[in-house]
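Atoms within a ligand are numbered from 1 in the order they appear, just like the ligands themselves. Predicted, not measured: the structure shown is a model, and the values here were computed from it.
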Amino acid sequence: MQKQLKKRLDDIRKKGNYRQLRYIKPVTSTQILYNGKAYLNLCSNSYLSLHVHPDILKAAKDVIDEYGAGTCSSRSVSGSIDIYGQLEKMIARYKGYRKGLIFSNGYMANIAIISTLTDSNDVIFSDELNHSSLIDATRLSRAKKVIYKHRDMNDLEKKLGRERSAGKRFVVTESVFSMDGDIAPLSDIFELRERYGFHMILDDAHGTGVFGQKGTGVEELFGLSGSMDVHMATFGKALGSFGAFVLSDEVVINFLINRARTFMYTTALPASSLASAMKALEMIEQDTTYKDRLWKNIDYMRMRLNTAGFDLKDSVGPIIPIVVGEDAKTLRMQESLMRKGLFLQGIRPPTVPEGTSRLRLTVVRGFTQEDMDYAIETIIHAGKKMELI
Ligand SMILES: Cc1ncc(COP(=O)(O)O)c(C=O)c1O
């Protein structure tokens with residue numbers, strides 16, 4: 001086996017697609033230490049820079065004293081500590097849904113929703129750029145899979161018209177696409193829902209805390225808060241903690257509690273993760289300036305990079321893809337930025353389609369004007385050398 005795997009790894013290396021882990025240590029909300037050198041972190045999903053906020057850290061520390069370091073049990077056995085109940089109510093109210101259920105992470109929540117709620121005579125219509133957790137969930141489902149072109153409503157409509165089903169039909173999409181930073185056309189999808197009838201599953205992992213006047217997510221932006229059949233999002237990005245949740249009505253949530261294997265057969269989250277998520281939620285509900293400050297940074301960085309002439313695709317929020325194209329060239333650009341103290345990742349296949357390798361830059365609230373100007377000028381300099389602009 002080793003010989004075969006080594007050959008495959010060599011092939012991956014030759015394509016410039018080899019991945020290595022980098023062990024880092026956070027210094028501030030935006031700075032990290034890597035190999036003893038300080039870097040500006042340009043690839044964090046902690047959009048509101050809350051993962052090191054002192055109030056959130058205090059909330060986590062306080063419950064550790066009361067509840068211990070771990071739950072050491074699944075939720076169905078004895079891990080469902082009371083903080084779960086409080087946070088599930090809070091998140092359901094915040095997003096406008098009847099009931100919530102917390103999962104250990106978003107990957108497991110997506111697996112649960114799609115593999116548990118669909119049957120063999122159902123059809124799942126899935127955007128071609130959906131996150132790997134949604135793809136894997138669809139693979140685990142026995143339903144028929146139909147992939148529609150990215151955000152292409154004509155293609156979705158054509159396929160909805162063609163793929164009739166004796167069972168249920170589901171449309172599954174991310175709200176903010178994690179590698180492209182563009183958003184799903186929810187109003188158009190809802191128009192199709194009225195005409196064709198299907199259940200809507202939305203993954204708002206990157207929209208929560210960021211989009212909408214109140215920051216509740218992309219549904220709010222479209223005036224569709226609380227309207228999905230099943231809504232999923234995570235605590236591990238803008239909310240600065242860890243874990244995920246599914247929102248829906250009583251019946252769906254009770255069904256997941258009874259049948260979702262990634263809910264039933266895993267150890268429940270520790271109190272510290274739940275308490276920090278709860279504190280973050282409380283803070284962003286009371287004070288929208290966290291989000292407003294983030295948007296100032298997003299608008300500034302996107303404007304400067306756009307003006308410089310980079311291909312940023314149709315991104316609109318904190319995720320800014322800088323498309324390079326070839327894997328090896330993407331890696332070279334990443335390495336040159338690393339040498340200048342910028343920590344960011346080259347994203348290559350299979351995470352993104354062949355020929356669209358890119359640097360995935362994320363904007364966070366904690367960036368100072370100086371941070372942003374330094375990052376932008378360094379990226380522009382490298383982009384010119386690589387003949388991207
Ligand atoms: C769109 C999307 N959905 C789901 C997940 C999985 O969430 P988690 O990291 O909590 O497993 C991620 C990223 O991690 C994501 O980007």
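Judged as a ring-ring contact (aromatic ring centres under 6.0 Å, His included), not a single pair has a partner in residues 353-389 (not counting sequence neighbours).
At the shortest separation from atom 3 (N) of ligand 1 among protein heavy atoms lies Asp203 OD2, 2.6 Å. Looking only at protein heavy atoms, the nearest one to atom 5 (C) of ligand 1 is His131 CE1, 3.5 Å. For atom 1 (C) of ligand 1, the nearest protein heavy atom (residue, atom name, distance) is Glu174 OE1, 3.2 Å.
Using the six-membered ring where Trp is involved, His150 and Phe177 have ring planes that are perpendicular, over 60° apart on the 30 and 60° scheme. By the 30° and 60° cut-offs, the orientation of the rings of Phe211 relative to Trp295 is perpendicular. Note on ring orientation: taking the six-membered ring where Trp is involved, the planes of Tyr34 and Phe343 are perpendicular (angle over 60°, cut-offs 30° and 60°).
The residue from Asp180, Asp188, Asp182 that alone fulfils the salt bridge (Lys or Arg N to Asp or Glu O under 4.0 Å) condition with Arg151 is Asp182.
Using a 4.0 Å cut-off to heavy atoms of His206, the atoms of ligand 1 that qualify are 1 (C), 15 (C), 16 (O). Residue Asn105 has at least one heavy-atom neighbour below 4.0 Å for each of these atoms of ligand 1: 10 (O), 11 (O). Residue-ligand proximity, Asn110 to ligand 1, at heavy-atom distances under 4.0 Å covers atoms 3 (N), 4 (C).
No chain of hydrophobic side-chain contacts below 4.5 Å, direct or via other Ile, Leu, Val, Met, Phe, Trp or Tyr residues, connects Val63 to Leu57. The cluster map of Ile, Leu, Val, Met, Phe, Trp and Tyr, joined by side-chain heavy atoms under 4.5 Å apart, puts Val210 and Met228 in the same cluster.
Of all the heavy atoms of Leu134, none lies under 4.0 Å from any atom of ligand 1, so neither backbone nor side chain is involved. Heavy atoms of Lys237 found under 4.0 angstrom from ligand 1 belong exclusively to the side chain.
Not a single N or O atom of Thr234, backbone or side chain, sits closer than 3.5 Å to an N or O atom of ligand 1. Residue Tyr107 has at least one N or O atom closer than 3.5 Å to an N or O atom of ligand 1. The N/O atoms of Gly106, backbone and side chain alike, include one that comes under 3.5 Å of an N/O atom in ligand 1.
Within the 4.0 Å heavy-atom cutoff, Ser133 counts among the residues contacting ligand 1.
With respect to Lys7 and Asp11, a salt bridge is recorded, a charged nitrogen being found less than 4.0 Å from a carboxylate O.
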